[in-house]
Engineer: 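This is the structure, below, for whatever I ask next.
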Amino acid sequence: MKILILRLSSMGDVVLTSPIVRCVKQQIPGAEVHFLVKKRFADLVRPNPYIDRVIEVEKDPLEQVAFLKKEGYGFVADLQGNLRTLRLRRGLGVPSGTFPKLNLRKWLLVNLKWDLMPRGLHVVDRYFEAVKALGVRNDGQGLDAFVAAEDEVEVGGLHEKLRPGGFVAMAVGATYFTKQIPAEKLVELCRASAPVPVVLLGGPEDREKGERIAAEAGPHVSNQCGRLRIGQSISVLRQSARAVAPDTGLMHLAAALCKPLTVYWGSTVPAFGMGPYYPAGSGDLAEHREVALSCRPCSKLGKNACPKGHFRCMTGQD
């Protein structure tokens, strides 16, 4: 059976699909698994041994509809669940499944502060609803994160103080401003970490912020923002002792690697069911830091500026 899994973006959400990919491949004899993803996130899934083919799109999945029709899929698992992927599923005309996004409950939590979100139900558990018709069940083994051979990093070559298992990895950025840990707070964390080395991880857009943090925090800090590919960042993260992150993709990658993790929550909340997801029985290796404010959460995804103008959900963190 040839199965197409849809998850176009973003980094953390793509990582969260890995249990579904693994379980489909392992629980359906002879299954051929294809994964449709935006080009900028393809490196997250390309090394995955449970995926037989990665299909990339620039923006709209309908770019590939003619090609996908020729593939002859027996089932489509839609883990994006938006209008574009709905149109694609209808265009392919084969059996498909999707998952409950709980958008109304999220809206009530954001706008009226009515928390009707189901407790203990992670988005990964909801993803499995998309493949329930195939008899696929959660194996409880958590997330996967794979690194291609060419992306393996010798951390000693990045900074003279780095040794495998002897440093802290910190995420500098996030897609939205209201989920980012402010630079001054990261400086504070880095100084408190001394003399334990710190590696700053992030994209090209985080490089300037990383340089400021490294300059102010001390020589034990190595800024690798914008210098590493996604796979290389995963390799570095895997060699760290623990990680520090806001609600962002690196948080999910740390959970996939079973790293102890401190998460600083800003405008979003764990109640959305999008927190770190560890294997069953491993215990919660994440320490959650939140500031109790009546305005939280102000968004289910994050915002480009604090609606109240004070950003106390992050500036008030100890």
Side-chain angles (χ1 to χ4, degrees), residues 10-12 158-159 161-162 167-228 233 236-237 240-255 259-272 274-276 284-318:
S10 52
M11 181 185 292
L158 301 179
H159 192 280
K161 295 180 180 292
L162 296 183
F167 64 93
V168 176
M170 287 189 187
V172 168
T175 301
Y176 294 99
F177 171 80
T178 57
K179 293 204 294 187
Q180 295 178 17
I181 303 174
E184 60 270 20
K185 290 294 181 180
L186 286 171
V187 170
E188 182 180 333
L189 280 168
C190 288
R191 287 174 176 168
S193 174
V196 176
V198 176
V199 175
L200 304 177
L201 297 174
E205 68 279 6
D206 304 313
R207 181 177 293 182
E208 185 176 340
K209 181 178 177 182
E211 291 295 341
R212 172 192 164 188
I213 295 164
E216 294 182 17
H220 67 296
V221 179
S222 172
N223 176 35
Q224 297 301 320
C225 295
R227 296 187 171 95
L228 303 175
S233 293
V236 171
L237 181 59
S240 69
R242 66 176 297 114
V244 174
D247 176 14
T248 190
L250 191 138
M251 172 187 74
H252 297 299
L253 287 169
K259 293 294 176 183
L261 172 66
T262 303
V263 185
Y264 288 87
W265 293 88
S267 60
T268 56
V269 292
F272 287 144
M274 298 283 288
D284 190 354
L285 299 175
E287 177 187 10
H288 300 274
R289 299 291 185 90
E290 299 181 74
V291 178
L293 295 169
S294 61
C295 54
R296 291 185 64 241
C298 64
S299 169
K300 67 178 183 178
L301 296 176
K303 291 178 177 291
N304 292 323
C306 172
K308 299 290 187 180
H310 53 63
F311 199 31
R312 288 179 192 151
C313 57
M314 278 298 185
T315 61
Q317 293 275 6
D318 183 352

Engineer: Quick one: list whatever passes side chain to side chain contact (heavy atoms under 4.5 Å, CB included) with Ala171, sequence neighbours left out.
Structural biologist: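 Residues passing side chain to side chain contact (heavy atoms under 4.5 Å, CB included) with Ala171: Ala245, Pro246, Thr248, Leu250.
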Engineer: Mind listing the closest non-hydrogen atom pair of His310 and Cys295 along with its distance?
Structural biologist: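 Heavy atoms only, the tightest pair is CE1-SG, 4.0 Å.
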Engineer: Give me the atom names and distance for the closest heavy-atom approach of Leu158 to Ser222.
Structural biologist: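 Shortest heavy-atom separation between Leu158 and Ser222 comes out as O-OG, 4.0 Å.
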Engineer: Looking at every heavy atom in both Leu237 and Ala243, which two are closest together, and how far apart are they?
Structural biologist: CD1-CB, 3.9 Å
Engineer: List the atom of Gly210, the atom of Val172, and the distance in Å for their closest heavy-atom pair.
Structural biologist: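 Scanning both residues, the minimum pair turns out to be N-CG1, 4.4 Å.
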Engineer: Can you list the residues that meet the salt bridge (Lys or Arg N to Asp or Glu O under 4.0 Å) rule with Arg289, with sequence neighbours excluded?
Structural biologist: Glu287
Engineer: Can you pull out every ring-ring contact (aromatic ring centres under 6.0 Å, His included) where at least one residue sits in residues 168-198? Sequence neighbours excluded, please.
Structural biologist: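 Non-adjacent pairs meeting ring-ring contact (aromatic ring centres under 6.0 Å, His included): Phe177-Phe311.
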Engineer: Per the ring-ring contact (aromatic ring centres under 6.0 Å, His included) rule, what does the pair list look like for residues 179-222, sequence neighbours excluded?
Structural biologist: none
Engineer: What residues form a salt bridge (Lys or Arg N to Asp or Glu O under 4.0 Å) with Arg242, not counting sequence neighbours?
Structural biologist: none
Engineer: Quick one: side chains of residues 187-204, donor-acceptor pairs under 3.5 Å with protein atoms, not counting sequence neighbours, listed by atom name and distance.
Structural biologist:
residue: Arg191; atom: NE; partner: Glu216; partner atom: O; Å: 3.2
residue: Arg191; atom: NH2; partner: Glu216; partner atom: O; Å: 3.0
residue: Ser193; atom: OG; partner: Val196; partner atom: O; Å: 3.1

Engineer: Suppose the criterion is salt bridge (charged side-chain N to carboxylate O under 4.0 Å, His left out): which pairs have a residue in residues 201-211, not counting sequence neighbours?
Structural biologist: Glu211-Arg227
Engineer: Which atom pairs, donor and acceptor, lie under 3.5 Å between side-chain atoms of residues 178-186 and protein residues at least two apart or in another chain?
Structural biologist:
residue: Thr178; atom: OG1; partner: Ser267; partner atom: OG; Å: 2.8
residue: Thr178; atom: OG1; partner: Lys303; partner atom: N; Å: 2.7
residue: Thr178; atom: OG1; partner: Lys303; partner atom: O; Å: 3.2
residue: Lys179; atom: NZ; partner: Asp247; partner atom: O; Å: 3.2
residue: Lys179; atom: NZ; partner: Leu301; partner atom: O; Å: 3.3
residue: Gln180; atom: NE2; partner: Ala174; partner atom: O; Å: 3.0
residue: Lys185; atom: NZ; partner: Thr315; partner atom: O; Å: 3.4
residue: Lys185; atom: NZ; partner: Gln317; partner atom: O; Å: 2.7

Engineer: Could you tell me which non-hydrogen atom of Lys300 sits nearest to which non-hydrogen atom of Thr268, and how far apart they are?
Structural biologist: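 That closest heavy-atom pairing would be O-CG2, 3.9 Å.
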Engineer: Identify, with sequence neighbours excluded, every residue that meets side-chain hydrogen bond (donor to acceptor under 3.5 Å, both in side chains) alongside Lys259.
Structural biologist: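 For Lys259 there are no side-chain hydrogen bond (donor to acceptor under 3.5 Å, both in side chains) partners, ignoring immediate neighbours.
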Engineer: Identify, with sequence neighbours excluded, every residue that meets side-chain hydrogen bond (donor to acceptor under 3.5 Å, both in side chains) alongside His288.
Structural biologist: Trp265
Engineer: Going by the salt bridge (charged side-chain N to carboxylate O under 4.0 Å, His left out) test, which pairs reach into residues 304-318, not counting sequence neighbours?
Structural biologist: none
Engineer: Could you tell me which residues satisfy side-chain hydrogen bond (donor to acceptor under 3.5 Å, both in side chains) with Thr175, sequence neighbours excluded, listed by chain and number?
Structural biologist: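 side-chain hydrogen bond (donor to acceptor under 3.5 Å, both in side chains) check on Thr175 returns nothing, list empty.
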Engineer: Drop me the distance from Ser240's OG to Met170's CE, to the nearest 0.5 angstrom.
Structural biologist: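 One gets 11.0 Å once the value is rounded to the nearest 0.5 Å.
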